[in-house]
Amino acid sequence: MNIFGEELSARALRERTGDLASVGGVREVVLGNGVERGVRAVQVRSAAGLEVEVLVDRALDLGGARFRGVPFGWRSGNGFRHPGLHENNDEGGLSWLRALDGLLVSGGLDHTLFGNEVDAEQYGYPPKQTVSHGLHGRLTAIPGRLLEAGEVWDGDRCTLRVRGEVVQATSFGEHLRLTRTVEVDFDGLEVRLHDVVDNLGFERTPHMFLYHLNFGWPIVDAGAEFVAPIKETTWRSDSCAEQGVSYRVLPDPRPGFVEQVYEHSLVADDNGQYRVALIRGDSTFGVEVAWDAATMPCFFEWQNLRSGQYAVGLEPSTHHVAGDTAARTDGSMTWLEHGESRTYRTTIRVLDGTEATTSSRDAIRRVSGQPD
């Protein structure tokens, strides 16, 4: 392992410290104040300076994220609200926006994108002919069950691992389970997500899934560049034309900025992955996100460049922006029978320095260019 610039075996490292937590590790905590009071979290910290919080009571999503003390995960100001404060159908289904904070907020498990009312006859309960969904579904307000949090050693290599499950269920309705594993190498610069969603119920159930990966200042700043192998931009919000802000190079924060959203059709690399990056204008710092193209074939870029918010969301998705009803109509909805599952793998990698950002940009460019 590379520890503070030295290659050390596990034995050599233990010879130098009586507690590996002085270098890196996993720590369970409970947040104790304000809207966050009572939320369980696991803090994961690598020897390379990567820190990320796994919010157990927020569907095992990712909260604060820093590299050598510098934040790269976005903080909206909402806080990591206790799920007991969440009302799924408040504010016309937009109450999910009050839970939007941190590096990762997941959408699902049976609905993503804007809220609507859809058929529920498959559940065979006469009083429930339809079901109503809010923005991005119910997942993020469901507490998880922590199954594992600690170090996993394989010879001289160590992986910091957090694993848990989240069950979204109701009588006469869906019974879906998300099993999430979050891993960081002890000396690593990347966060690896391994998610499995399976149907524990005995009715055919729709499944939609989305990662709202949120990045903020100082990566998001004037001159920052979004790098992606874009084949075509298939949809954009009306605000894109009205405001004329580039999807590719970011401006300073703007008072009253209206969010801009794009759906980009991407080109996969030779390993069947989509790779995108967000890089500071001076190329000294950035992040790269990579995921399996087959399991999350859709991708959205979300620009929230309003003063006091100032974020960019990179959003792998199982379904197109048209959403739930359209997927049922055009046949693209994923339906899970009892025992069926879907698996998702995603990597979030810190790009430290100009060599790392240049390498990432060049690798993406070799897959495909992108329009101005």
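No continuous path of hydrophobic side-chain contacts links Ile364 to Phe226 [ILVMFWY only; heavy atoms under 4.5 Å]. Cluster annotation: Leu305 is not connected to Val258 through the hydrophobic network of ILVMFWY side chains, with a link wherever side-chain heavy atoms come within less than 4.5 Å. Each of Leu278 and Trp74 belongs to its own hydrophobic cluster when Ile, Leu, Val, Met, Phe, Trp and Tyr are linked at side-chain heavy-atom distances under 4.5 angstrom. One hydrophobic cluster holds both Leu139 and Val162 under the rule that ILVMFWY side chains link at heavy-atom gaps under 4.5 Å.
Nearest heavy-atom pair, Pro218 versus Val70, reported as atom, atom and distance to 0.1 Å: CG-CG1, 3.5 Å. Closest non-hydrogen pair, Asp198 versus Ser341, comes out as CB-CB, 3.7 Å. Contact detail for Phe257 and Val245: the closest heavy-atom pair is CE1-CG2, 3.7 Å.
Looking at Arg361 and Ile279, their side chains come closer than 4.5 Å, going by heavy atoms from C-beta outward. Between Asp324 and Leu113 the shortest side-chain heavy-atom distance does not fall below 4.5 Å. No side-chain heavy atom of Asp269 sits under 4.5 Å from any side-chain heavy atom of Arg366. Between Val289 and Tyr211, the closest side-chain pair of non-hydrogen atoms is not below 4.5 Å. Residues Arg275 and Leu266 form no side-chain contact, since every pair of their non-hydrogen atoms from C-beta on lies 4.5 Å or further apart. With a 4.5 Å cut-off on side-chain heavy atoms, Phe186 and Ile3 count as touching. Annotation: side chain of Ser368 is not in contact with side chain of Lys231 (no heavy-atom distance under 4.5 Å). With contacts defined as side-chain heavy-atom distances shorter than 4.5 Å, the pair Ser317/Met296 does not qualify.
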Verdict with supporting geometry, Ser265 and Glu232, side chain to side chain donor-acceptor pair (under 3.5 Å): CA-CA 5 Å; Ser265 177; Glu232 181 185 6; 5.5 Å; no

Is there a side-chain contact (heavy atoms from CB on, under 4.5 Å) between Leu62 and Ile348 once you walk through the steps? CA-CA 11 Å; Leu62 305 180; Ile348 307 156; 4.2 Å; yes

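For the residue pair Glu183 / His194, no side-chain donor-acceptor distance below 3.5 Å is found, with atom types taken as modelled. Residues Arg180 and Ser106 have side chains that bring a donor and an acceptor to within less than 3.5 angstrom of each other. Side-chain atoms of His264 and Thr233 form a donor-acceptor pair, as typed in the model, at a separation below 3.5 Å.
The existence of a salt bridge linking Arg68 and Asp352 is confirmed by a sub-4.0 Å separation between a basic side-chain nitrogen and an acidic carboxylate oxygen. A salt bridge links Asp187 with Arg157: at least one charged nitrogen is closer than 4.0 Å to a carboxylate oxygen. Using a cut-off of 4.0 Å between Lys/Arg side-chain N and Asp/Glu carboxylate O, Arg345 and Asp292 are scored as not salt-bridged. Salt-bridge annotation for Lys128 and Glu203: absent, with no side-chain N of the basic residue lying under 4.0 Å from a carboxylate O of the acidic one.
Here the side chain of Glu36 pairs no donor or acceptor atom with the backbone of Leu31 at under 3.5 angstrom. Checked by atom type and distance alone, the side chain of Ser76 pairs as donor or acceptor with a backbone atom of Leu100 at under 3.5 Å. In this structure, the side chain of Ser246 engages the main chain of Val249 through a donor-acceptor pair within 3.5 Å. Using a distance-only test at 3.5 Å, with no hydrogens or angles considered, no donor-acceptor pair links the side chain of Arg58 to the main chain of Val105. A donor-acceptor distance shorter than 3.5 angstrom exists from the side chain of His319 to the backbone of Ser332, with no hydrogens or angles considered. Side-chain N or O atoms of Asn214 include one that pairs as donor or acceptor with a backbone N or O of Gly102 at under 3.5 Å. Under a 3.5 Å cut-off, the side chain of Thr357 and the backbone N or O of Thr354 do form a donor-acceptor pair. Checked by atom type and distance alone, the side chain of His207 pairs as donor or acceptor with a backbone atom of Leu109 at under 3.5 Å. With hydrogens and angles disregarded, a donor-acceptor distance shorter than 3.5 Å links the side chain of Asn78 to the backbone of Leu97. Not one N or O on the side chain of Thr346 forms a donor-acceptor pair closer than 3.5 Å with the backbone of Leu193.
A side chain to side chain donor-acceptor pair (under 3.5 Å) with Arg138 holds for exactly one of Gln168, Glu174, His133; it is His133. Put simply, the residue from Gln243, Gln260, Glu259 that forms a side chain to side chain donor-acceptor pair (under 3.5 Å) with Gln303 is Gln260.
Aromatic ring pairs are classed by plane angle as parallel below 30°, tilted from 30° to 60° and perpendicular above 60°; the pair Tyr125 and Phe172 is parallel. Note: Phe215 and Phe72 have parallel aromatic rings, judged against thresholds of 30 and 60 degrees for the angle between ring planes.
Counting non-hydrogen atoms of other residues, nucleotides and ligands closer than 6.0 Å to CZ of Arg98 gives a total of 12 or fewer. The environment of Asn33 atom CG is sparse: at most 12 non-hydrogen atoms of other residues, nucleotides or ligands sit within 6.0 angstrom. Heavy-atom neighbours of Arg328 CZ from other residues, nucleotides or ligands within 6.0 Å: above the threshold of 12. Residue Trp217 places its CH2 atom among 12 or fewer non-hydrogen atoms of other residues, nucleotides or ligands, all under 6.0 Å distant.
Distance check, rounded to the nearest 0.5 Å: CG of Leu176 to CG of Asn199 gives 5.5 Å.
Side-chain rings of Tyr344 and Phe209 approach one another, their centers coming within less than 6.0 Å.
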